[in-house]
2 protein chains.
Amino acid sequence: MSSPKLLLVEDDSALSELLEYRFENEGYSVRATPDGDEALVLASEDTPDLVILDWMIEGVSGIEVCRRLRREKSTAHVPIIMLTAREAEDDRVRGLETGADDYLTKPFSPRELLARVAAVLRRVRPALAGETIEVGDLRLDPVAHRLERRGKELQLGPTEYRLIKFFMEHPRRVFSRGQLLDAVWGTGSEIEERTVDVHIRRLRKAIAHEKAPDPIRTVRSAGYALEPV
Amino acid sequence: MSSPKLLLVEDDSALSELLEYRFENEGYSVRATPDGDEALVLASEDTPDLVILDWMIEGVSGIEVCRRLRREKSTAHVPIIMLTAREAEDDRVRGLETGADDYLTKPFSPRELLARVAAVLRRVRPALAGETIEVGDLRLDPVAHRLERRGKELQLGPTEYRLIKFFMEHPRRVFSRGQLLDAVWGTGSEIEERTVDVHIRRLRKAIAHEKAPDPIRTVRSAGYALEPV
DNA sequence: TGCGGGCTTATGACATTTTCATGGCAGTTT
DNA sequence: AAACTGCCATGAAAATGTCATAAGCCCGCA
């Protein structure tokens, strides 16, 4: 499924519930907690696609949560939108320095937050925001769950789909089999690394096109990468 | 044409009349009252599609109206747009927390409110904002509650109708069984996900047409989508 | 330059597991 | 009574994870 996973850290329960409701209505998958420590646990258990973080929360402070998220390898690149009180100019600055991607000052309308979230996701991972991505002659429409090459639709299984989607989100970059397992199969999957080879083969077969070259590059003793065209 | 039902709660009679006039001109069906208690009665008698609520009204306060609307089952999901005075930052916060969907600060132009209303309705119930929807060779008339394919009317049950309507409001898009349950059966319904399959089958059967292909696409391990033609 | 060994990847086959379509059925609602 | 709903059992189809084996690549050495 293509619903982006949000982690909402907000200790005002009324606001939290409202936002949870709104976001789920918009097709996001939301987990919420008022507690900083718990947020860190949740984030490490199942890496969210984006974190919405209230600055003033119980337990660990917002800034500390932010910092720790950045420190953990699995969450280091997860975008963070922080919510601040109007006066706390100071926090805002520190927040951005600490690595928040955007901030919103209370009070804000849910629609405003929705827009920011969509914008950040679009910037960081276009496919999550429902935008089609193109890499070389491949075009992927995440909303329709379709992949086509030179106008012709390709037929692939679920795993191959997730795999090519991941590659298309990070073109040219080489991923080890371990990284691919984490990203595509999910962290902690106990699967033979060699199995990745098999799926790469299946993917290659699925996207093979009469004259077009194979866009998947094998990097010996390192992994695989997707090359444009 | 379908006319969305608005409930306007505003005690400035000049403004109220102006808005009523404008909205009716735009094809909405409007009921207005300056009084909070009466608003609640009206809302429960005939559930509106959207409520426009002034924060500073006589009788029960705006925030209380908002809260009670949310508490009543029949009005719990009706979107609310609230109108606030410029300075009342505080109210705004509480309003959003209480469950308003959007707010507008006085003074505002009627056109601005019209735009917000249209946007909210489009988000919540696309069919309300529109006339008939066409997707491929299917044509749905939400007012008449009818679906036809290639000119021939189709006969379907209530659930199948809601299902195809939802699909037609979002053509091509893949929905997971969970999303379909939320959208068609209502959030929180405790229904077996596999039951969706059954209704998909019934829907397919109902819209089957001699030579026309099946417009419902099964996306393995993801869900279903409606494809034009 | 040519060759062979050692290591890495590609491929085809296969047993298992998932996932889906379908028909039937009993309980409700209209 | 007729229509509708939700769920289960069943069978079929698709997808998945592993192996064994073939093929390819890199490197040192003659």
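Values below: all heavy atoms of this structure, side chains included; hydrogens, waters and symmetry mates excluded. Note on naming: letters A, B, ... go to the chains in the order of the sequence lines (proteins, then strands), and numbering restarts at 1 for each one.
Ion pairing between a basic and an acidic side chain is recognised when a charged N comes within 4.0 Å of a carboxylate O; A:R150 and A:D137 show such pairing.
Close to C:dT19, at under 4.0 Å from its OP1 or OP2, lies no side-chain N or O of B:Y224. Look at B:T218 and you'll find a side-chain N or O under 4.0 angstrom from OP1 or OP2 of C:dA21. Taking only side-chain nitrogens and oxygens, B:W185 never comes nearer than 4.0 Å to OP1 or OP2 of D:dT5. Residue B:R204 places no side-chain N or O under 4.0 Å from the OP1 or OP2 atom of C:dT22. Using a 4.0 Å cut-off, some side-chain N or O of A:T159 falls inside it from OP1 or OP2 of D:dT16.
No contact: B:E193 has no heavy atom under 4.0 Å from any strand. Residue contacts shown for A:Y161 are absent, as no nucleic acid heavy atom lies under 4.0 Å away.
Regarding B:R201, its CZ atom lies at a distance of 12 Å from the C1' atom of D:dC7, rounded to whole Å. Going from atom CG of B:L180 over to atom P of D:dG6 covers 13 Å, rounded to whole Å. In this structure, the CG atom of B:L203 is 14 Å from the C1' atom of C:dA21, given to the nearest Å. Residue A:D197 contributes atom CG, which lies 13 Å from atom P of D:dC19 at whole-angstrom precision. Rounded to whole angstrom, the span from the CD1 atom of B:I200 across to the C1' atom of D:dG6 amounts to 15 Å. Computed from coordinates, the A:L163 CG to D:dA15 P distance equals 15 Å when rounded to whole Å. Between the C1' atom of D:dA20 and the CD atom of A:E192 lies a distance of 14 Å, rounded to the nearest Å.
Judged by atom type and distance alone, B:R194 does not reach the base of D:dC8 through any side-chain donor-acceptor pair under 3.5 Å.
Across the interface with DNA chain C, nearest-nucleotide mapping of B:V219 and B:K205 shows B:V219 to be the residue nearer the 5′ end. Of the residues near DNA chain C, A:R177 and B:R202, the one whose nearest nucleotide (by heavy atom distance) lies more toward the 5' end is A:R177. Residues A:E190 and A:Q155 both approach DNA chain D. Their nearest nucleotides, taken by heavy-atom distance, put A:Q155 toward the 5′ side.
Contact check for B:R177 versus B:D197: side-chain heavy atoms found under the 4.5 Å cut-off.
Comparing C:dA10, D:dG24, D:dA15 by their closest approach to the side chain of B:R220 singles out D:dA15. Comparing D:dT5, D:dT16, D:dG17 against the side chain of A:R162 picks out D:dT16 as the nearest. The side chain of B:H199 sits closest to D:dT5 out of D:dT5, D:dG17, C:dG6.
Exactly one of B:V30, B:L8, B:L6, B:L114 qualifies for a side-chain contact (heavy atoms from CB on, under 4.5 Å) with B:L19. That residue is B:L8.
Between A:H145 and A:Y161, the two ring planes are parallel [angle under 30°; tilted spans 30° to 60°].
Distance alone, capped at 3.5 Å, is enough to place a donor-acceptor pair between the A:R70 side chain and the A:V78 backbone.
Under the 3.5 Å distance criterion, with hydrogens and angles disregarded, a donor-acceptor pair is assigned to the side chains of B:R204 and B:T218.
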